[in-house]
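Let me begin by presenting the structure, written as structure tokens, before commenting on it.
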Amino acid sequence: MNESEKCRLCKSKSKLQVSHAIGNAIFKRISRKNSGKAILLSSDIHEENKYSSDSWAEPMLCSNCEALLNENYERYGLDVLRGKTGECNKTEVGIRFSGLNLQRMNMYFLSILWRMACSGHPNYSNVYIEPSMKEVLRQALINNSEIPTCQITVKLTRLIDKTPDGGFSLSVLKDIILAPLIRKSSIRFIYEGFVIEFFIPGLKRSLSSQAGVIRKQQKYLFVPFINFSDIPELFEVMLVAYGKQIEGKTTVPMGKTTSKNSRH
């Protein structure tokens, strides 16, 4: 059997769907503002700021497994991030989410991580998970079972811009999609205005109580704010893109309030 024809989740041979790791609904919301295309920014000084219709997808799952992940995790998780499920209250230092199924929320993010690790798309090429852990994730997604925090810890922060005069609005920050950043002990990526970080192995008990960590036994999730300039990779992309805009290395009009889709 040709491995490329097998569903990555159930392992059965089937016609594969074009599957997204970061959900297609997120790309659609951004590209809808620009006639079906998003704005591609790169830290490469030789690459222009330009439009792109790439949503980082490839054939990966059969129709049944695509539906399973969408119904069990994708729809729920995205509704939470967009404030359509549960309650969210903004404070001076972050956002408090309550009334959530945090186990389901945790699995939503882990489903994205697993799909990134399985994907052959260039933007996910740096995401590597040990085969044994990838198999643990696959089984958990099929059976809707729990992944202990000591194995993989998921942490969230919310992007803001603390620039005193103007700066990027929340609507602009929500339009940023940053491909995975590989750090010494974690994998981090950005979309919908949130920074999602995975620690493999999971954080020690003394660290897992910090704000933003999804602890499935808790009744709420507090997500602290993080200034976008405190993420060096993101700040570099935005700074270089601004310089290219000034120099005319662009095919798109952009200003401080224009939607930006950063792919690094």
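The figures here come from the full heavy-atom set of this structure, side chains too, leaving out hydrogens, waters and symmetry mates.
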Nearest atoms (heavy-atom pairs only) where L141 meets S111:
CD2-CB, 3.6 Å
Are V213 and L207 joined in one hydrophobic group, where the rule is that I, L, V, M, F, W and Y side chains link up if heavy atoms are under 4.5 Å apart?
yes
Out of curiosity, does L170 fall in the hydrophobic cluster containing I176 (side-chain heavy atoms, cut-off under 4.5 Å, transitive links)?
no
Angle class for the H20/F27 ring planes (parallel below 30°, perpendicular above 60°, tilted otherwise)?
tilted
side-chain hydrogen bond (donor to acceptor under 3.5 Å, both in side chains) between S12 and K6, intermediate numbers included
CA-CA 5 Å; S12 64; K6 291 174 64 176; over 6 Å; no
Looking only at the side chains, is there a donor atom on one of S19 and E66 sitting less than 3.5 Å from an acceptor on the other?
yes
So, taking the atom named CG in L221 and the one named CD1 in I95, what distance separates them when rounded to the nearest 0.5 Å?
10.0 Å
May I ask you to check whether S171 and S169 show a side-chain donor-acceptor distance below 3.5 Å?
yes
Distance-only, no hydrogens or angles: does the R96 side chain make a donor-acceptor pair with backbone N or O of T91 under 3.5 Å?
no
For the pair K155 (side chain) and F199 (backbone), establish whether a donor and an acceptor sit closer than 3.5 Å, ignoring hydrogens and angles.
no
Does any non-hydrogen side-chain atom of I187 lie less than 4.5 Å from one of L113?
yes
I'd like to check R82 versus I26 (side-chain heavy atoms, cut-off strictly below 4.5 Å). Are they in contact?
yes
Going hydrophobic residue to hydrophobic residue with side-chain gaps under 4.5 angstrom, can you get from I22 over to I182?
yes
Starting at NZ of K11, measure out to SG of C62 and round the result to the nearest 0.5 Å.
12.0 Å
Do the side chain of D79 and the main chain of K84 share a donor and acceptor less than 3.5 angstrom apart?
no
Taking N101 for its side chain and R104 for its backbone only, find out whether a donor-acceptor pair lies under 3.5 Å.
yes
Kindly indicate whether the side chain of L178, heavy atoms from C-beta on, has any atom under 4.5 Å from the side chain of L181.
yes
Separation between CD1 (I214) and CG (L102), nearest 0.5 Å, reads 6.5 Å
To the nearest 0.5 Å, what is the distance between CG on N70 and CG on N24?
9.5 Å
Any heavy-atom pair between the side chains of F97 and V223 that's under 4.5 Å?
yes
Taking the six-membered ring of F194, is NZ or CZ of R158 closer than 6.0 Å to its centre and within 45° of its axis?
yes
For N126 and P180, the nearest pair of non-hydrogen atoms, with its separation, is ND2-O, 3.0 Å
Test L69 against L9 for side-chain contact (heavy atoms from CB on, under 4.5 Å), laying out the working first.
CA-CA 10 Å; L69 294 187; L9 190 59; 4.0 Å; yes
Decide yes or no for R138 and W114: does some side-chain heavy atom of the first lie under 4.5 Å from some side-chain heavy atom of the second?
yes
Taking 4.0 angstrom as the limit, do E192 and R29 come out as a salt bridge?
yes
Smallest heavy-atom separation, K216 atom then N106 atom, equals NZ-ND2, 4.0 Å
For the pair S119 (side chain) and M116 (backbone), establish whether a donor and an acceptor sit closer than 3.5 Å, ignoring hydrogens and angles.
no
Are L234 and L239 connected in the hydrophobic side-chain network, where two residues link if heavy atoms are under 4.5 Å apart?
yes
Heavy-atom nearest pair, N123 first then A179, reads O-CB, 3.6 Å
Can N144 and Y73 be counted as having a side-chain donor-acceptor contact under 3.5 angstrom?
yes
Is any side-chain heavy atom of E71 closer than 4.5 Å to a side-chain heavy atom of Y76?
no
Can you see whether S63 engages Q17 through a side-chain donor-acceptor pair at a distance of less than 3.5 angstrom?
no
dist T157:OG1 -> I196:CD1 (nearest 0.5 Å) comes out at 8.0 Å
Would you call K244 and E247 a salt bridge, taking side-chain N to carboxylate O under 4.0 Å as the test?
no
Can you see whether N143 engages S145 through a side-chain donor-acceptor pair at a distance of less than 3.5 angstrom?
no
When rounded to the nearest 0.5 angstrom, what distance separates CZ in R205 from OG in S209?
10.0 Å
For I190 and I231: C-alpha separation, side-chain torsions, deciding distance, then whether side-chain contact (heavy atoms from CB on, under 4.5 Å) applies.
CA-CA 11 Å; I190 296 171; I231 303 174; 4.0 Å; yes
Y108 side chain reached by N72 side chain, heavy atoms, under 4.5 Å
no
Do NZ/NE/NH1/NH2 and the carboxylate oxygens of E74 and R115 come within less than 4.0 Å?
yes
Same hydrophobic cluster for M133 and Y128, using side-chain heavy-atom links shorter than 4.5 Å among ILVMFWY?
no
For C7 and L16, run side-chain contact (heavy atoms from CB on, under 4.5 Å): C-alpha distance rounded to whole Å, both residues' side-chain angles, the deciding distance at 0.1 Å, then the answer.
CA-CA 7 Å; C7 172; L16 301 183; 4.2 Å; yes
Only one of I160, L156, V195 clears side-chain contact (heavy atoms from CB on, under 4.5 Å) with I226; which?
V195
Please determine whether side-chain contact (heavy atoms from CB on, under 4.5 Å) holds for the pair V154 and L110, giving the CA-CA distance in whole Å, both sets of side-chain angles, and the decisive distance to 0.1 Å.
CA-CA 8 Å; V154 182; L110 291 179; 3.9 Å; yes
Nearest non-hydrogen partners of G86 and L100, listed with the distance:
CA-CD2, 3.8 Å
Does Y220 have its ring centroid less than 6.0 Å away from the ring centroid of F222?
no
Hey, does Q210 have a side-chain heavy atom less than 4.5 Å from the side chain of L203?
yes
